[in-house]
*Asks:* 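Sharing a structure with you now.
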There are 2 protein chains.
Amino acid sequence: MTLSDIDFPTPGEGDDCRMVREILDLIGDKWTLYIIATLKDGPVRFNELRRRIDGISQRMLTINLRSLERDGLVKRTLFPTIPPRVDYELTDVGRTLLAPVMTLVTWANSNQENIKGARIRYDAS
Amino acid sequence: MTLSDIDFPTPGEGDDCRMVREILDLIGDKWTLYIIATLKDGPVRFNELRRRIDGISQRMLTINLRSLERDGLVKRTLFPTIPPRVDYELTDVGRTLLAPVMTLVTWANSNQENIKGARIRYDAS
DNA sequence: CAGGATCCAAAATGATACTG
DNA sequence: CAGTATCATTTTGGATCCTG
């Protein structure tokens, strides 16, 4: 399979064509990848997620979790105790996203020196 | 290879750890993926790119091409004629990004109905 | 504990006009 | 043709305070 086989939809051509872009946006934001990575081994509670994802605000964690839940990638489980407890975990669909994301992360890891060098050369001229 | 093998760097831990995030940001913006996809078959001129990528503004095309050039993923070739002609094409490194991107796009394509349904169900409640 | 609500700063994008 | 410059708008993220 070559890249020529891919039908890259162009933006602004209707809902169907926007979907791929939307899904890529999903993982393109600042925190989603970290959330998915943090959930890879099983359920994690809200504040535990907050602690493990360094630098994320309560607000952004909530917003991103809601978005992932809406897209069916994360499942939210509320235990109506006092104080309340909420577990977040990847759904089966959410788990299938791990592999594609991994290939990108792997590429990023193996090309970072490359890119760092290119930037230095570019900035020098 | 499982996702557990991946070392997801956390943000705010220094330059090295930011790199993967930066590289993912690279393709996470609104247009870069379309630019890369449009360049997959060879050199394309500036205004031809603009025509092929529906909805992109001249400004954003320029900015994103500069960024890709700085990162060594795209090569810019100026022909000093009048009027000037500028060709853009993927570098060898840029071309290696096609495969990882493809796996994500493939995932997005095969899960869009899934996600669309999840959204409808979520919004209904 | 797990958030919702509000306000504000910053970043990304868009629109428009101009130029070698 | 291939940009640059400027301004306006939209989107995104962070800080802070409040609550069942």
Side-chain angles (χ1 to χ4, degrees), chain A residues 10-13 18 21-36 38-39 43-71 74-89 122 125, chain B residues 10-13 18 21-36 38-39 43-71 74-89 122 125:
Chain A
T10 53
E13 280 191 28
R18 286 185 210 275
R21 182 62 254 157
E22 273 184 47
I23 292 174
L24 293 172
D25 283 346
L26 211 168
I27 66 131
D29 70 12
K30 191 170 176 183
W31 299 110
T32 299
L33 237 38
Y34 291 112
I35 295 176
I36 291 174
T38 308
L39 293 177
V44 182
R45 298 180 61 173
F46 184 85
N47 275 330
E48 178 63 20
L49 269 173
R50 222 180 130 185
R51 274 186 296 274
R52 288 210 217 158
I53 303 172
D54 192 63
I56 196 170
S57 67
Q58 191 178 52
R59 172 189 150 86
M60 291 316 295
L61 181 55
T62 300
I63 289 176
N64 285 319
L65 282 172
R66 288 285 173 281
S67 172
L68 287 166
E69 190 195 356
R70 183 169 109 101
D71 290 342
V74 160
K75 182 168 142 239
R76 176 181 186 271
T77 308
L78 165 70
F79 301 92
T81 56
I82 298 177
R85 164 187 177 158
V86 181
D87 277 3
Y88 290 94
E89 62 187 316
Y122 184 92
S125 60
Chain B
T10 53
E13 282 190 27
R18 285 186 211 275
R21 184 60 256 158
E22 272 184 48
I23 292 174
L24 292 172
D25 283 347
L26 210 168
I27 66 131
D29 70 13
K30 191 172 177 182
W31 300 110
T32 298
L33 237 39
Y34 291 112
I35 295 176
I36 290 173
T38 307
L39 293 178
V44 182
R45 296 181 63 173
F46 184 84
N47 275 330
E48 178 62 21
L49 270 173
R50 221 180 131 186
R51 272 187 296 274
R52 290 209 216 159
I53 303 172
D54 192 61
I56 196 170
S57 65
Q58 194 177 46
R59 172 191 150 86
M60 290 315 296
L61 181 54
T62 300
I63 288 175
N64 285 319
L65 283 171
R66 288 282 175 282
S67 172
L68 287 167
E69 191 194 356
R70 181 169 110 102
D71 289 342
V74 160
K75 183 168 142 237
R76 176 181 186 270
T77 308
L78 165 69
F79 301 92
T81 56
I82 297 178
R85 164 187 178 159
V86 180
D87 277 4
Y88 289 93
E89 61 188 316
Y122 184 93
S125 60

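Computed from heavy atoms alone, side chains included, the values below leave out hydrogens, waters and symmetry copies.
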*Asks:* For a 4.0 angstrom threshold against heavy atoms of chain A, report the outermost contacting nucleotides of DNA chain D in 5' to 3' order.
*Replies:* D/dG13 to D/dG20
*Asks:* Between atom CG of A/D87 and atom CZ of A/F79, what is the distance when rounded to the nearest 0.5 Å?
*Replies:* 4.5 Å
*Asks:* Please list each protein N or O that sits under 3.5 Å from an N or O in nucleotides 10-13 of chain C, with the distance.
*Replies:*
{"unit_1": "C/dT13", "atom_1": "OP1", "unit_2": "B/K30", "atom_2": "N", "d": "3.2"}
{"unit_1": "C/dT13", "atom_1": "O4", "unit_2": "B/R59", "atom_2": "NH2", "d": "3.2"}

*Asks:* Distance check needed: C/dG14 P versus B/I53 CD1, whole Å only.
*Replies:* 12 Å
*Asks:* Compute the angle between the rotation axes at the two ends of the helix from C/dC1-D/dG20 to C/dG20-D/dC1, each taken over five pairs, rounded to 10 degrees.
*Replies:* 50°
*Asks:* Rounded at 0.5 Å granularity, tell me how far CG in A/N47 sits from CZ in A/R85.
*Replies:* 12.5 Å
*Asks:* According to salt bridge (charged side-chain N to carboxylate O under 4.0 Å, His left out), who are the partners of B/E48, at least two apart in sequence or on a separate chain?
*Replies:* B/R51, B/R52
*Asks:* Can you tell me if CD1 on B/I82 sees more than 12 non-hydrogen neighbours from other groups inside 6.0 Å?
*Replies:* no
*Asks:* For A/R70, give me all partners under side-chain hydrogen bond (donor to acceptor under 3.5 Å, both in side chains), at least two apart in sequence or on another chain.
*Replies:* B/D123
*Asks:* Please answer whether the main-chain N or O of A/Y34 pairs with a side-chain N or O of A/T38 as donor and acceptor at a distance below 3.5 Å.
*Replies:* yes
*Asks:* Atom CD1 in A/I35, atom CG in A/L68: separation rounded to 0.5 Å?
*Replies:* 6.0 Å
*Asks:* In whole angstrom, what separates A/R66's CZ from C/dA5's P?
*Replies:* 11 Å
*Asks:* Near DNA chain D, counting only heavy atoms under 4.0 Å, which residues of residues 82-89 of chain B show up?
*Replies:* B/P83, B/P84, B/R85, B/V86, B/Y88
*Asks:* Are any of the side-chain heavy atoms of B/V74 and B/I36 separated by less than 4.5 Å?
*Replies:* no
*Asks:* Over all heavy atoms of both residues, which pair between A/P43 and A/E89 is shortest? Give the atoms and the distance, please.
*Replies:* CG-OE1, 3.7 Å
*Asks:* Pair A/R76, A/L65 - check side chain to side chain contact (heavy atoms under 4.5 Å, CB included), show working.
*Replies:* CA-CA 9 Å; A/R76 176 181 186 271; A/L65 282 172; over 6 Å; no
*Asks:* Does any non-hydrogen side-chain atom of A/F46 lie less than 4.5 Å from one of A/T62?
*Replies:* yes
*Asks:* Output the rounded distance in Å from CD (A/Q58) to P (C/dT6).
*Replies:* 16 Å
*Asks:* How long is the line joining CG of B/L61 and C1' of C/dA15, in whole Å?
*Replies:* 16 Å
*Asks:* What's the spacing between B/Q58 CD and B/I63 CD1 if we round to 0.5 Å?
*Replies:* 11.0 Å
*Asks:* Any side-chain N or O of A/R50 under 4.0 Å from OP1/OP2 of C/dC1?
*Replies:* no
*Asks:* At what distance, to the nearest 0.5 angstrom, does CG of A/D29 lie from CG of A/N64?
*Replies:* 5.0 Å
